[in-house]
There are 2 protein chains.
Amino acid sequence: MSKTTIVNFNDLKIACENCSLSRLCLPMGLEQSDIERLDQIVSRSKPYHRNDYLFREGDTFKGIYAVKTGSIKTYVSREDGSDQVLGFHLPGEIIGLDAIEAGVHGCTAKILETTAVCLIPYEKLEKLSVEIPSLQHQMFRLMSREISNESNMLILLGKKNADERLATFLLSLSQRYKQRGFSSQEFNLSMSRNEIGNYLGLAVETISRLFTRFQDEGILKVERKHVELLDIEALKRISSHCSQNDSSSKSSASI
Amino acid sequence: MSKTTIVNFNDLKIACENCSLSRLCLPMGLEQSDIERLDQIVSRSKPYHRNDYLFREGDTFKGIYAVKTGSIKTYVSREDGSDQVLGFHLPGEIIGLDAIEAGVHGCTAKILETTAVCLIPYEKLEKLSVEIPSLQHQMFRLMSREISNESNMLILLGKKNADERLATFLLSLSQRYKQRGFSSQEFNLSMSRNEIGNYLGLAVETISRLFTRFQDEGILKVERKHVELLDIEALKRISSHCSQNDSSSKSSASI
DNA sequence: TCGATTCATTGACATGCATCAATAAATTCG
DNA sequence: CGAATTTATTGATGCATGTCAATGAATCGA
């Protein structure tokens with residue numbers, strides 16, 4: 001039943017100082033000796049599997065999680081039973097920072113594909129941050145980044161049309177995979193069309209149609225979960241709604 | 001020309017420990033002695049006036065600001081020249097936390113009405129946070145709250161219709177005014193219809209029509225900038241799109 | 001104080017995307 | 001393996017909200 005193998009069990013044991021993600025993750029910018037101290041409060045999880053919950057809305061907040069491998073979606077449930085996807089989280093990304101104030105999680109974190117995480121218990125982290133100023137500094141930076149990222153989502157949801165939203169989303173994934181040493185041109189979507197649509201404030205059908213159209217236009221190739229971005233420049237143009245003209249054709253507005 | 005009077009000049013000089021906003025603001029939960037230390041790094045501004053900039057996108061980040069009186073909007077400019085309003089900030093609220101990581105402001109803060117702020121220089125604040133664990137704690141809480149508030153905006157922009165958006169917005173103002181000791185039923189909007197629409201991802205005309213309709217339905221009274229909420233329960237029902245029926249009438253959908 | 005500008009309101013009309021529906025393809029599970 | 005379920009695709013249609021336009025009200029600036 002267990003999918004644990006010797007290989008990924010070894011992965012899980014890696015200390016922060018040896019972790020390939022340390023450059024993106026909480027230890028970013030810390031000195032070796034400080035990383036070692038941080039490492040001692042971190043606990044590494046056994047793998048979670050698709051549809052497991054890392055935590056659920058209302059759960060007591062124990063600490064923040066760093067994604068090690070795999071991917072996770074966070075979402076909030078609404079009174080009427082519908083959900084709003086808040087984000088998709090890749091290796092090196094931290095989740096749970098929103099729960100510090102309330103002491104309980106305000107969203108649910110659900111596993112999209114087999115995933116390992118590190119738990120950094122919050123009380124210990126806070127104590128350590130007093131002792132290690134550069135850790136406090138790093139926490140402030142991390143939280144600040146999360147806050148400043150918000151404006152991109154507000155622009156996306158407040159101003160962008162469907163084409164721009166999907167293009168922006170794909171470019172974000174592409175760029176994040178690149179940072180993590182994966183291909184920026186080709187990757188697998190660990191989330192469904194439904195989840196993408198939910199996240200982007202669009203209907204599933206719209207996502208589906210857009211994938212089809214982008215493919216017809218030669219911007220990408222999509223086969224189920226697998227996406228290949230054929231024309232990243234075009235996607236960039238679309239995402240910031242510069243006139244999406246390729247050198248060749250006038251935009252649809254001119255007809 | 002200057003609107004400064006003896007009264008508000010005195011207001012400006014108030015130390016954190018005597019400030020009526022300390023309960024909402026950065027000093028929240030700090031001990032007297034710690035507040036005094038915080039107080040020593042805070043600098044109080046002279047009043048800013050409508051359309052002044054507190055800071056602009058790209059400005060070097062000096063520190064975070066606490067609104068003391070008045071109100072401020074923050075927004076980002078897009079490549080095509082349009083703006084996205086990120087928020088409206090009332091007394092006791094902190095702005096600038098998003099700039100910690102980048103070291104430059106990623107948004108512009110523009111004064112909506114005569115406003116005084118406190119500047120908390122960031123380097124000093126960070127140093128002090130190492131010395132005063134409860135200040136560090138408070139900073140983490142503050143940033144966490146900002147992060148968790150994001151989900152409300154994502155729900156609003158991702159899932160809510162125009163009625164729900166405006167109702168949610170008015171209730172948010174109402175509740176924030178209440179916390180600050182003002183009436184929750186009656187207040188002045190310091191922002192234009194345009195700015196409300198921009199913030200909520202709606203056209204000005206839609207905002208205007210909604211105000212008219214809400215007024216016709218007896219939910220509120222609006223006269224230019226002045227708003228009186230006559231039926232807060234109805235607004236709550238609308239904002240979470242429970243069937244918006246008052247006991248009396250069927251919703252418009254039933255005709 | 002008056003003209004210019006900005007802001008708000010209202011109506012007519014257009015459209016982007018949601019919704020509904022049908023089907024197909026993939027995945028799950030007994 | 002085959003039935004049941006979930007997920008994805010595609011088409012037809014409708015509606016909420018945007019856009020355009022006209023007017024009036026308020027505010028600003030000289």
Side-chain angles (χ1 to χ4, degrees), chain A residues 1 49-51 73 80 82-83 85 110 112-113 156-167 188-216 220-227 238 241 244 251-253 255, chain B residues 1 3 49-52 73 80 82-83 85 110 112-114 156-167 188-216 220-227 238 241 244 251-255:
Chain A
M1 277 303 169
H49 300 107
R50 180 165 173 74
N51 292 330
K73 74 164 173 178
D80 65 359
S82 70
D83 295 336
V85 172
K110 197 169 181 178
L112 291 172
E113 61 189 327
L156 185 141
L157 293 172
K159 293 282 180 302
K160 295 189 177 184
N161 66 22
D163 297 39
E164 292 161 7
R165 292 184 198 194
L166 185 61
N188 283 296
L189 301 169
S190 56
M191 70 294 291
S192 67
R193 305 286 192 269
N194 223 312
E195 289 164 329
I196 295 172
N198 188 313
Y199 177 59
L200 298 178
L202 297 169
V204 204
E205 295 92 329
T206 304
I207 302 299
S208 200
R209 279 185 250 267
L210 284 174
F211 270 129
T212 305
R213 211 183 75 225
F214 284 177
Q215 179 161 260
D216 291 348
L220 51 75
K221 260 181 63 180
V222 59
E223 166 79 34
R224 195 111 193 111
K225 299 287 186 192
H226 186 81
V227 180
I238 294 172
H241 88 291
Q244 7 190 142
S251 79
S252 55
I255 297 189
Chain B
M1 277 304 166
K3 295 180 183 169
H49 299 107
R50 180 166 172 75
N51 292 330
D52 287 349
K73 74 163 173 179
D80 64 359
S82 69
D83 295 335
V85 173
K110 196 168 183 180
L112 291 172
E113 61 187 327
T114 306
L156 185 143
L157 293 172
K159 293 281 180 301
K160 294 189 177 185
N161 67 23
D163 298 39
E164 292 162 6
R165 292 184 198 195
L166 185 61
N188 284 296
L189 301 169
S190 57
M191 69 295 290
S192 67
R193 305 285 192 267
N194 223 311
E195 289 163 329
I196 295 172
N198 188 313
Y199 177 58
L200 298 178
L202 298 170
V204 204
E205 295 91 332
T206 304
I207 302 298
S208 202
R209 280 185 250 267
L210 284 174
F211 270 130
T212 305
R213 211 183 76 224
F214 283 176
Q215 180 160 261
D216 291 348
L220 51 76
K221 261 181 64 180
V222 59
E223 166 79 35
R224 195 117 192 107
K225 298 285 186 193
H226 186 81
V227 180
I238 294 171
H241 88 290
Q244 7 188 142
S251 79
S252 57
S254 64
I255 298 187

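None of these values were measured; they are calculated from a predicted model. Throughout, a chain's letter reflects where its sequence line sits, starting with A, and its residues are numbered from 1. Note that these values count all heavy atoms, side chains included, but never hydrogens, waters or copies made by symmetry.
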Between A:Val85 and A:Tyr199, the two heavy atoms sitting closest are O-CD1, 3.6 Å
Rounded to whole Å, the CE-P distance (B:Met191 to C:dC7) equals 14 Å
So what does B:Leu202 touch, heavy atoms closer than 4.0 Å: a base, only the sugar-phosphate, or nothing?
sugar-phosphate
A:Leu166 atom CG is separated from C:dC17 atom P, nearest whole Å, by 12 Å
### Query
Would one find a side-chain N or O of A:Thr206 under 4.0 angstrom from OP1 or OP2 of C:dA18?
yes
Here the distance between atom C1' of C:dT10 and atom CZ of B:Arg213, to the nearest Å, is 15 Å
task = For atom NZ of A:Lys225, decide whether the heavy atoms of other residues, nucleotides or ligands shown that lie under 6.0 angstrom number more than 12.
result = yes
Open item on the list: Regarding A:Ser82 and A:Asp80, do their side chains bring together a donor and an acceptor under 3.5 Å, going by distance alone?
Closed with: yes
- request: Check whether any side-chain N or O of A:Arg224 sits under 4.0 Å from OP1 or OP2 of C:dA26, and answer yes or no.
  value: no
Out of C:dT9, C:dC17, D:dT17, minimum distance to the side chain of B:Ala162 belongs to D:dT17
With heavy atoms under 4.0 Å as the rule, sort A:Gly201 into base, sugar-phosphate or nothing. sugar-phosphate
When rounded to whole Å, the CG to P distance for the pair B:Leu189 and C:dT9 reads 10 Å
Quick note, B:Ala203 side chain, CB onward, closest among D:dT10, D:dT19, C:dT9 is D:dT19
Q: Establish whether the base of D:dC20 is bridged to the side chain of B:Glu205 by a donor-acceptor pair shorter than 3.5 Å.
A: yes
B:Asn161 CG to C:dC17 C1', in whole Å, measures 14 Å
Task: Any N/O donor-acceptor pair, A:Arg209 side-chain to D:dG11 base, under 3.5 Å - done: yes
Rounded to whole Å, the CG-C1' distance (B:Asn188 to C:dA8) equals 16 Å
Assign each of B:Arg50 and A:Val204 the nucleotide of DNA chain C bearing its closest heavy atom; nearer the 5' end lies the nucleotide of B:Arg50
Out of C:dT9, C:dC7, D:dA8, minimum distance to the side chain of B:Ser192 belongs to C:dC7
Atom NZ of A:Lys160 and atom C1' of C:dG16 are separated, to the nearest Å, by 17 Å
Sequence neighbours excluded, the answer for salt bridge (charged side-chain N to carboxylate O under 4.0 Å, His left out) partners of B:Glu195 is B:Lys73
| query | Does A:Thr212 make a side-chain N or O approach to OP1 or OP2 of D:dT10 shorter than 4.0 Å? | reply | yes
* So B:Phe211 and B:Leu189, side chain to side chain contact (heavy atoms under 4.5 Å, CB included) or not? Walk me through it. -> CA-CA 13 Å; B:Phe211 270 130; B:Leu189 301 169; 3.9 Å; yes
| task | Please state whether the phosphate of D:dT7, meaning OP1 or OP2, lies under 4.0 angstrom from any side-chain nitrogen or oxygen of A:Lys225. | result | no
When rounded to whole Å, the CD to P distance for the pair A:Glu223 and D:dT7 reads 18 Å
